[in-house]
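Taking it in order: structure first as structure tokens, then the write-up.
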There are 2 protein chains.
Amino acid sequence: MKISELSDRSGLTVQTIKFYLREGLMPKGAATGATRAEYGDGHLERLRLIRAMREVGDLPVFAIKRIIAAADEPEVGLHELLGTVQYALGPHVDAPADDPQWRAARADVDALIAELGWRVTADAPARDLLAQTFVALRKLGFPVVLTELRPYIEAAMSLGEHEAGGLSTDEPRTRAIHRTLVTTVLYEQVLLALHRLAREHESARRLG
Amino acid sequence: MKISELSDRSGLTVQTIKFYLREGLMPKGAATGATRAEYGDGHLERLRLIRAMREVGDLPVFAIKRIIAAADEPEVGLHELLGTVQYALGPHVDAPADDPQWRAARADVDALIAELGWRVTADAPARDLLAQTFVALRKLGFPVVLTELRPYIEAAMSLGEHEAGGLSTDEPRTRAIHRTLVTTVLYEQVLLALHRLAREHESARRLG
DNA sequence: ACTATTGGATAGTGTTGATATCCAAGGATG
DNA sequence: CATCCTTGGATATCAACACTATCCAATAGT
């Protein structure tokens, strides 16, 4: 199909598609002349994926590029892909290595993960994300205690198990890759939304 | 204290504090002369809150301003405050009212909330957030089925109950307000981080 | 032949969240 | 009391990000 058709079907402007091509988020169309190129269904699918990650997942273009590069790599396994995606999700918090509060929080996070017996790489950004919240919570006078954390841990474990279960089927590789990306990026938003809705509901029930 | 001291103690530059003052995130210090003003502990506390919402919650300055304005209002109740915070959290997705896919997804969301018996205002942004993910999931060929949603709903309900329980104590109003903000903004990140960690763990356990 | 579209390149826009600079006035210090 | 430092206040500038606009020459379609 022509780029204008790709634009119509994807809901993105031609300019934006050109921009994504320039940024290397997609391969160029097959040139059929100096001023013509042919795009296929793969391009459309790719644009849908990019759009979902941008608009729903709110990922920066650069992160999407890295994710797509990993997903296109034929040798990469699903677990490795998940790592790449989570790393791209960030946040890449600039950890002040000299701040004692930060070091303490980070140590607490590492200890917690060890205690739970979780197999998580040492440089997983989620460790920093959690440590960052611990620091902020403490600075605001809300010390982080395990009993307060427990419900979150249990919810996380339960969801983690459920999501990992969805991967064990033997679907085609492309599909499995898409499922990994979708689960990681989109279902995170689903959880976010449902959590907020449930919170409003409970608040209304008790205070409204 | 002087603004330079406030800067030292908050970890923000004088420039940034001035910027926040300009933006109306904080009242000005009490002027003790044409070129001097005195800041109190309230200012420091306020800056810590702003910093947590900006750096951990990744909220835009404008959203923080609205949240703080609501929190400063003496008449506003905790449930009302929660609504304001959630509204400020967004995302303010520009819903294309004419898109049939969108309408269908939004109807599904409304039906789900009704079926669950949740008391959630009709204009809660989380409804749109959820609908948005439904649209994206469907476009990518991952239809949203209730069985897939169930674990997320249960996790959300369980956390919602837990969090609402923390509000029923009779602490001082300022503290309760802070607790509402902190729970909403910071524990959301805690859940996010733990979810990612659990996901990586389960993935490692089965595929690693 | 003529109009519209394309690929490719380059430049510009709008938003956000700071930073930088400047100035005059007012303390603080020796 | 002279000199330097800091402050408030205003204005300007910057950097990142994700587009968006414009231009051009070469076609493709009619």
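Letters go in sequence order (proteins before strands), and every chain restarts at 1.
Within 4.0 Å (heavy atoms only), A:T32 reaches sugar-phosphate atoms of the nucleic acid but no base atom. Here A:A31 lies out of heavy-atom contact (under 4.0 Å) with every strand. Nucleic acid contact for A:G33: sugar-phosphate only, since backbone atoms but no base atoms lie under 4.0 Å from a heavy atom of the residue.
Heavy atoms from other residues, nucleotides or ligands lying under 6.0 Å from CZ of A:R138 number more than 12. No more than 12 heavy-atom neighbours from other residues, nucleotides or ligands sit within 6.0 angstrom of CZ on A:R150.
B:H92 has its NE2 atom 16 Å from the P atom of C:dT15, to the nearest Å. Going from atom CZ of B:R22 over to atom C1' of C:dT19 covers 10 Å, rounded to whole Å. D:dG8 atom P lies 10 Å from atom NZ of B:K2, rounded to whole Å. Rounded to an integer number of Å, the gap from B:K18 NZ to D:dT13 P is 18 Å. In this entry the distance linking CG of A:D58 with C1' of D:dC17 reads 12 Å, nearest Å. Here the C1' atom of nucleotide C:dT19 and the CD1 atom of B:I17 are 14 Å apart, to the nearest Å. If you measure from atom CZ of B:F19 to atom P of D:dG9, you get 17 Å, rounded to the nearest angstrom. One can place CD1 of A:I64 at 13 Å from P of D:dC17, the figure rounded to the nearest angstrom.
Nearest-nucleotide assignment on DNA chain C puts the 5′-proximal partner with B:F62, out of B:T35 and B:F62. Projected onto DNA chain D by closest heavy-atom contact, A:L59 and B:E5 fall at different nucleotides, the more 5' of which corresponds to B:E5.
Phosphate proximity of C:dT19 to B:T16: present, with a side-chain N or O under 4.0 Å from OP1 or OP2. Neither OP1 nor OP2 of C:dT19 sits under 4.0 Å from any side-chain N or O of B:Y20. Side-chain nitrogen and oxygen atoms of B:S4 include at least one within less than 4.0 Å of the OP1 or OP2 phosphate oxygen of D:dT7. Using a 4.0 Å cut-off, some side-chain N or O of B:Y39 falls inside it from OP1 or OP2 of D:dG8. Between B:R36 and D:dT6 there is no side-chain N or O to OP1 or OP2 distance below 4.0 Å.
The side chain of B:Q15 lies closest to C:dT19 when the candidates are D:dT20, C:dG7, C:dT19. With distances taken from any side-chain atom of A:A34 to the nucleotides D:dT7, D:dT27, D:dA18, the minimum falls on D:dT27. For A:T13, the listed nucleotide lying nearest its side chain is D:dT20; candidates were C:dT6, D:dT20, D:dA18.
Rounding to the nearest 0.5 Å gives a distance of 4.0 Å between OH of B:Y187 and CD of A:E148. Distance NZ/A:K65 to CG/A:L25: 7.5 Å, rounded to 0.5 Å.
The base of D:dG8 has none of its N or O atoms less than 3.5 Å from a complementary donor or acceptor on the side chain of B:K28.
Of the charged side-chain nitrogens involved, none lies within less than 4.0 Å of a carboxylate oxygen, so that B:R106 and B:D99 do not count as a salt-bridged pair.
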Identify each donor-acceptor pair in which a side-chain atom of residues 190-200 of chain B lies under 3.5 Å from a protein atom, sequence neighbours left out, and give them as a table.
| unit_1 | atom_1 | unit_2 | atom_2 | d |
| --- | --- | --- | --- | --- |
| B:H195 | NE2 | A:E163 | OE1 | 2.9 |
| B:H195 | NE2 | A:E163 | OE2 | 2.9 |
| B:R196 | NE | A:E188 | OE1 | 3.0 |
| B:R196 | NH1 | A:G90 | O | 2.9 |
| B:R196 | NH2 | A:E188 | OE2 | 2.6 |
| B:R199 | NH2 | A:T184 | OG1 | 3.0 |
| B:E200 | OE2 | A:T121 | N | 2.9 |
| B:E200 | OE2 | A:T121 | OG1 | 3.1 |

